[in-house]
Amino acid sequence: MSKAIYDHSAIEAKWQKIWEEQKLYQVDPHSVNAKNKYYCLDMFPYPSGHGLHVGHWRGYVLSDFYARYQMLQGKTVLHPMGFDSFGLPAENAAIKYKSHPKKFTDEAIVTIRKQLEDIGASFDWSKYLSTCEPNFYKWTQWLFLQLFKHGLAEKRNALVNWCGQDQTVLANEQVVNGKCERCGSMVSKKELSQWFLKTTEFVDELIDDLDGLNWPERVKSLQRDWIGRSIGAKIIFKSDDLSIEVFTTRADTLFGVSALVLAPEHPLIEKLVTVEQKNAVEQYQQSVRSKTNVDRQQQKETSKTAVFTGSYAKVPLSNKEVPIWIADYVLMDYGTGAVMSVPAHDERDFQFAKIHQLEILEVINSNKTELPFVESGDLINSDKYNGQNSKVAASKIIEDLEKIGAGSATTNYRLRDWLVSRQRYWGAPIPIVYDPQGNAHAVKDEHLPLLLPKDVDFVPGGESPIARSRDFIELAEKLYGKGWHFETDTLDTFFDSSWYFFRFLSPTDENSALDTETIKNWLPVDLYIGGIEHATLHLLYARFITKFLAKYNYIDTHITEPFQQLYNIGSINLHGARMSKSKGNIVSPDLLVEHFGRDALRGYELFIGPMDVEAEWNNRGINGIHRFLIKLYQISANQIGEGRNFSEQFARYLTNINQMIPQFRLNTVISEAMKFVNSIKEEKIDKELFGKFIITLAPIFPFLCEEMWQNLGNTESVFKQNWPIADTSKEKTKITVLINQKFIAYCDDLGSEEETKQLAVELPEVKVKLAAKKISKVIYRSGKLINLILD
RNA sequence: GGGCGUGUGGCGGAAUGGUAUACGCGGUGGACUUAAAAUCCACUGCCGCAAGGCUUGUGGGUUCGAGUCCCACCUCGCCCACCA
């Protein structure tokens with residue numbers, strides 16, 4: 001038998017070129033029947049100067065598997081790729097090297113695009129887009145203006161998150177444990193006038209529509225928790241003529257209130273504080289102000305610092321007088337910034353009351369001796385509500401409060417509006433122009449894109465770099481008149497990525513942002529692949545934008561969700577840590593590709609372990625896949641012909657992988673393929689059967705499979721074929737014979753216990769074990785096993 | 001503190017309640033080679049010369065049968081965290 005040489009470099013170069021010439025992956029989205037489409041999308045990358053590592057490959061290989069698999073299922077597959085190319089890293093690099101962010105970005109794009117092509121993924125590059133290009137951000141600006149026109153983009157004063165390192169404000173979602181999500185430095189609070197998008201307008205849909213999505217439960221619950229819906233009541237407490245509003249989820253415990261507690265920043269404090277307490281209160285407020293948010297939150301149970309205002313408030317319905325306190329465990333930016341303290345039935349209030357010697361009155365009956373008792377039960381010490389169940393009592397109390405104008409049922413959310421202004425250069429300018437009186441107006445459509453000015457020193461200085469551009473100042477006056485000026489902040493780059501998946505359907509359309517008809521056919525995305533780190537960032541923003549566009553008919557109103565199925569790929573680690581340039585534990589794919597080939601690396605990325613969990617990289621593991629490919633190639637070159645009938649093995653293989661593929665179990669798909677190949681050994685295999693086998697492997701090993709496919713005499717691409725149909729008709733039913741739980745042999749399943757037992761006891765292996773012993777019991781499971789229990 | 005995971009050979013990992021350790025890596029021995037690499041073949045959970053016994057974090061339970069289901073505990077990991 002002659003040795004065929006598996007020359008991966010030659011094979012890969014050959015098919016890469018041919019596929020490109022044939023435009024194998026290019027689709028015309030306008031011509032496709034919606035039923036037969038498959039939109040497969042990767043979270044598009046930021047063009048980092050560090051290039052791709054083997055961890056990045058994993059996601060792209062996975063999405064490419066499904067793109068190609070769906071082609072073989074007869075679907076028209078859209079699998080586009082582009083770059084999320086505005087953002088801080090390029091700008092910071094430019095400052096460091098006294099260059100321009102565009103230059104860094106362009107260079108990185110060239111490198112990464114080359115690396116992406118190396119993967120051999122089925123990207124349709126004709127749909128390419130890059131968010132920093134004017135032909136994209138023109139429409140990003142347009143989108144912002146649509147939000148503005150519908151009153152969903154608004155400039156307002158607010159206490160916002162400020163990153164001193166990056167010299168810009170951040171959205172709530174970009175603050176992680178009090179630190180900047182990008183640079184890790186401490187975030188402080190600043191009162192600033194900023195642009196907000198009203199994500200809270202869609203808050204209920206953002207929670208409720210999660211139910212219909214095929215997303216990992218983990219991500220759904222992260223979003224639910226982030227949005228944080230709590231159903232409860234607003235209750236108004238009177239202190240002389242002042243009204244203090246609190247939010248509570250436990251209106252049933254109203255008769256157990258022993259104090260009102262306000263956040264230190266609460267605006268009513270000034271009016272509430274008595275002369276005697278003035279000094280103490282001001283000192284307390286001062287001490288809180290000097291704490292960072294993290295310090296403030298890290299105290300938790302250990303200490304509940306607080307100060308008394310000297311004033312009292314009346315509890316509605318009971319008319320009890322309770323003291324008004326100030327404590328920093330109450331947060332100004334949640335609810336109303338004030339709470340009613342019920343020590344007997346709330347952990348925090350209990351600690352607070354113990355430290356400051358407040359009354360602890362039980363109003364829910366519990367058998368437990370230990371307080372606080374936070375569950376529901378029947379009311380006690382609550383006047384006419386005594387004996388009622390707390391759930392019932394809560395709604396009754398709210399009803400009664402409503403009658404006297406002292407409260408109402410309400411729902412409170414943790415989600416805040418999305419702050420999108422950034423005081424940095426490398427982003428899309430916010431397309432707003434101010435008249436001489438300072439009123440905001442939309443930049444006219446004919447002036448879009450409002451280009452980023454070039455004459456800018458973009459070293460950050462707390463105000464936006466483009467405010468210092470002469471060109472930008474002059475342009476505003478030229479277009480709009482004397483005294484007019486543009487907004488000088490830029491848009492959060494998450495705004496760019498919140499709509500890019502629509503633009504892939506018409507990336508070069510100069511007349512409109514959205515191709516509504518095509519979007520109607522192609523959205524939602526069928527499979528979206530990326531890391532879990534965007535659970536409450538990008539994925540939330542993209543859902544918001546989609547809901548906005550659907551509500552106002554920019555897209556078909558049925559498309560209320562952007563991503564039907566989401567899959568989170570587990571990270572690839574080295575030495576126990578996620579690969580990153582800063583940790584210095586990067587494995588580059590380039591040498592592996594050269595040595596083992598793209599197919600082998602693709603296969604190993606999938607073989608390394610389950611797709612949704614982290615995996616530890618081991619360079620040597622790729623050997624196994626490479627050997628497998630060599631074996632495969634040998635068979636295709638030398639062992640095709642009349643020989644043993646492998647149709648039974650193949651049927652089993654196909655049945656197994658058909659189950660595994662929808663569950664993303666691609667590591668075991670490869671195992672199954674290896675088993676099948678191992679069973680062939682040196683024997684001949686039927687050409688048609690082997691061809692079917694090649695088709696099933698083509699999504700993983702596209703280059704080699706196309707080569708083998710065409711070497712078998714086929715002239716059309718393997719990706720134009722149909723996925724084989726599993727033939728289960730020939731499968732014989734063999735079942736396991738056990739004696740006292742131990743495996744003994746296989747035997748035919750005759751369908752009934754009696755017949756099968758007769759057959760089983762005649763097997764030589766069974767006869768030996770049985771000897772003179774008596775069978776006391778038979779357990780027969782049709783199609784599975786027969787278990788003979790001996791005395 | 002709350003939520004969600006996880007625990008199987010030297011390693012990555014496999015196993016609709018039915019032969020635990022598939023598949024691969026690594027290792028050992030052999031073939032080929034002047035030699036090496038590559039490739040191929042055999043063996044490779046643990047104890048034992050063997051027969052045989054033991055083994056899925058620990059302890060219970062359900063079952064003819066448990067890595068898998070139930071209860072309790074331990075380990076490690078991730079996320080959220082004074083959200084009223």
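Quick note on labels: first sequence line is chain A, next is B, and so on, each numbered from 1. Atoms considered below: every heavy atom in the structure, side chains included; atoms not considered: hydrogens, waters and symmetry mates.
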Name of the residue among Phe664(A), Phe65(A), Trp215(A) meeting ring-ring contact (aromatic ring centres under 6.0 Å, His included) with Tyr567(A)
Phe664(A)

Between G13(B), C80(B), A84(B), spot the one nearest the side chain of Pro610(A), thanks.
G13(B)

With sugar-phosphate meaning primed atoms plus P, OP1 and OP2, does Arg414(A) contact a base, only sugar-phosphate, or nothing at under 4.0 Å between heavy atoms?
base

Calculate the interatomic distance between His626(A) atom NE2 and C23(B) atom P; express it in whole Å.
21 Å

Any base atoms under 4.0 Å from Leu785(A), or only sugar-phosphate, or nothing? Heavy atoms, all strands.
base

Since syn is defined as within 90° of 0, does G9(B) count as syn or as anti?
syn

Heavy-atom nearest nucleotide on RNA chain B for Arg348(A) versus Asn787(A): which residue maps closer to 5'?
Asn787(A)

Touch check for Arg781(A), heavy atoms < 4.0 angstrom, all strands: base, sugar-phosphate only, or nothing?
base

Under 4.0 Å, counting only non-hydrogen atoms across every strand here, what does Asn412(A) touch: a base, just sugar-phosphate, or nothing?
nothing

With heavy atoms under 4.0 Å as the rule, sort Arg224(A) into base, sugar-phosphate or nothing.
nothing

Can you tell me if the side-chain N/O atoms of Arg218(A) get under 4.0 Å from OP1 or OP2 in G77(B)?
no

Could one point to a donor on the side chain of Asn623(A) or the base of C25(B) with an acceptor on the other under 3.5 Å away?
no

Between Glu605(A) and Arg602(A), does any NZ, NE, NH1 or NH2 come within less than 4.0 Å of an OD or OE carboxylate oxygen?
no

If you measure only the distance, is there a donor-acceptor pair under 3.5 Å linking the side chains of Ser230(A) and Tyr334(A)?
yes

For residues Phe646(A) and Phe693(A), establish whether the separation of their ring centroids is below 6.0 Å.
no

